[in-house]
Amino acid sequence: MRKLSLVIMGTSMIMAACGNDSESKKEETASEKSSEESVTLKTEKPPTEAQMTENPVTEEVKKVNKTIDIMSEDLINEFTKDKGSGYQGIEPGLTYSQIKEMLGAYDGTAEMLGGLHVKFGDYAVVFDGVTEENQLSDHTKIKYVFISPDETLDASEFFEAWGKEDSRESISPSGISMLYRYTVNGRSVDALIHSGQVVWVTKHDMKQVMNEHAGDENISMERGIAHYNYPQIDSREFGQSVLSNSFNIMGYHAGDDAGDLIEKLGMYESKEDGDQGSVYHYDNFSVMINDNKIYAITLNVLEENVSPDIQEIWGVQSENTGSEYMRFDKVKDNGFYVEVYPYMGPTAGISGITIYRENYAGPSLEQADTGRFTKEMILNKDFAYSILSNDYNIAGYHAGDNATLQEVIEAVGEPDSRHQNENGVEYIEYGLKRMTFIDDKLEFISLDVTESDIDELRTAWGYDYQIINSESGEYTVYDTNKTNGYHVEILSLNDQVQSITIHGDNYKKNHLWWGV
């Protein structure tokens, strides 16, 4: 329009300069006709892109009502029939300057899924790359558009207005945040309900938005919780990434400053605070933070069906730790080491991989097979893990294994002593270790322990337990997983640990009175 008016003005000025006061009306008419033809020719040929850039067309700004009733039938129809991803012209791609002209100044901000939401009445928009208010500029563009009512709206009223959803999914472990999907007029609409209240409706695919917000191509969201999409773990390439500590989550490695990693990962499934730091559990991995550094990254890979021949595939041998799990720390001063845990269930495989930020330090678990159980060893986190995961074994035999006493003797060698109690229960002893057999099953492994205070042990181990009193003394019982087929009992007298026993069965009280 501006280009057009300039053409008309320029033509008139030229005609006026060349004209004569004595010219007749007829000549003026001819001149006007010539001018009109000139304009007609100009308008028939569209302006070039460069001309449009130099002389942009200015259109009247459409003012938009910021108050929206998401329960109204008109809104449901209009919102879904609107072809864009937004509503009433408030669309992704608009600049901050443009939306200000349409909706006025914003009312405030809120931190929600998808990033920092800027509120304009009942609109909540996310600007591309904006995580703080001071990053907004007139040229910043809208990325997502949400209708987010200022008034508190009950979910039951929303469901009555919108009808039966096509699908719904919990995006928090507690189920207090739910994502509902509707298809209306052929368009998909996602609605977020939190604690029985409507948070927003949007035409964006919120699963995709949450995945994009995660900021790592390997991270997706399951139930609103970060999930790592592992490549093939039993491959030499992945092994090298782990064994070189190049494996990372959102660019963060074991040993790095924690920075904003936890903030970026968003909602976690659970959190545990202990002496070594805070462990944040996500869908299939966890991160331990200590002194604002990443102390460990644990990959829960049981569902990946990893080959048990991981050492051969990775091309590296585990150090001899006297335990079932593997420890890799070939370079003792590189600032990290790796542990790989086998699955102790009915099928062979790998259950987890942990990258620690420090060189390995602590007693070798070989001590469990050669000498006495010192206080330092009993309180060590590796020893605790081997006991509470039933990784602890004697010559490869664990509590609960189907094995005869004779089979074990052939594998381990002649015991220091061999006994049978009045109930016909057989057991053998190797130094401070006892193995008890019932009906061709290694029923339990018991370790005679001294020099450890039971309260100190409970604190160091850091797991839930229950206390059972009997005539023999006080038993501290660990069995947090009631279906894993084993449990642990620690006998103490006068608060001093006497023995640690791994039973090849879920907890039953009569274990305490076998008298073996």
Contacts of type ring-ring contact (aromatic ring centres under 6.0 Å, His included), residue Tyr252, not counting sequence neighbours: none
side-chain hydrogen bond (donor to acceptor under 3.5 Å, both in side chains) between Glu489 and His503, intermediate numbers included: CA-CA 8 Å; Glu489 294 171 3; His503 287 270; 3.1 Å; yes
Pairs where residues 145-154 contributes a residue and the test salt bridge (Lys or Arg N to Asp or Glu O under 4.0 Å) is met, not counting sequence neighbours: Lys119-Asp150
Within-4.5 Å side-chain heavy-atom neighbours: Leu75 and Ile68: yes
Euclidean distance, Phe158 CZ relative to Tyr180 OH, rounded to 0.5 Å: 9.5 Å
Partners meeting side-chain hydrogen bond (donor to acceptor under 3.5 Å, both in side chains) with Ser137 (sequence neighbours left out): Thr140
N-O pairing of Asp453 and Lys375 below 4.0 Å: no
side-chain hydrogen bond (donor to acceptor under 3.5 Å, both in side chains) partners of Thr501, counting only residues at least two apart: Ser446
Side-chain touch Tyr123/Gln88, heavy atoms, less than 4.5 angstrom: yes
Heavy-atom pair with the smallest gap, counting every atom of Ile76 and Asn185: O-ND2, 4.4 Å
All side-chain hydrogen bond (donor to acceptor under 3.5 Å, both in side chains) counterparts of Ser85, not counting sequence neighbours: none
Beyond-backbone contact of Leu116 with Phe127, side-chain heavy atoms, under 4.5 angstrom: no
Worked verdict on Tyr96 versus His139 for ring pair (Phe, Tyr, Trp, His ring centres under 6.0 Å): CA-CA 6 Å; Tyr96 177 46; His139 303 293; over 10 Å; no
Closest non-hydrogen atom pair between Asp166 and Thr183, with its separation: OD2-N, 2.6 Å
Listed partners of Asp273 passing side-chain hydrogen bond (donor to acceptor under 3.5 Å, both in side chains), at least two apart: Ser278
Validation row: Asn506, Asp479 side chains within 4.5 angstrom (heavy atoms): yes
Residues that Arg187 engages under salt bridge (charged side-chain N to carboxylate O under 4.0 Å, His left out), provided they are two or more places apart: none
Pairs where residues 290-300 contributes a residue and the test salt bridge (Lys or Arg N to Asp or Glu O under 4.0 Å) is met, not counting sequence neighbours: Asp257-Lys293
For Glu272, all residues meeting salt bridge (charged side-chain N to carboxylate O under 4.0 Å, His left out), sequence neighbours excluded: none
pair Glu456-Leu379: side-chain heavy atoms closer than 4.5 Å: yes
Give the table of side-chain donor-acceptor pairs shorter than 3.5 Å for residues 294-307, with sequence neighbours excluded, one pair per line with atom names and distance.
unit_1	atom_1	unit_2	atom_2	d
Tyr295	OH	Glu358	OE2	2.9
Thr298	OG1	Thr354	OG1	2.9
Ser307	OG	Asp309	N	3.1

Under the salt bridge (charged side-chain N to carboxylate O under 4.0 Å, His left out) test, residues paired with Arg357 that sit two or more places apart: none
Ring-ring centroid check Tyr478 Tyr463, cutoff 6.0 Å: no
Under the salt bridge (charged side-chain N to carboxylate O under 4.0 Å, His left out) test, residues paired with Glu91 that sit two or more places apart: none
Evaluation steps, side-chain hydrogen bond (donor to acceptor under 3.5 Å, both in side chains), between Ser156 and Glu160: CA-CA 6 Å; Ser156 61; Glu160 186 176 344; over 6 Å; no
Parallel, tilted or perpendicular, as decided by the 30° and 60° cut-offs, for the rings of His204 and Phe146: tilted
Ion pair check, Asp190 and Lys203, cut-off under 4.0 Å: no
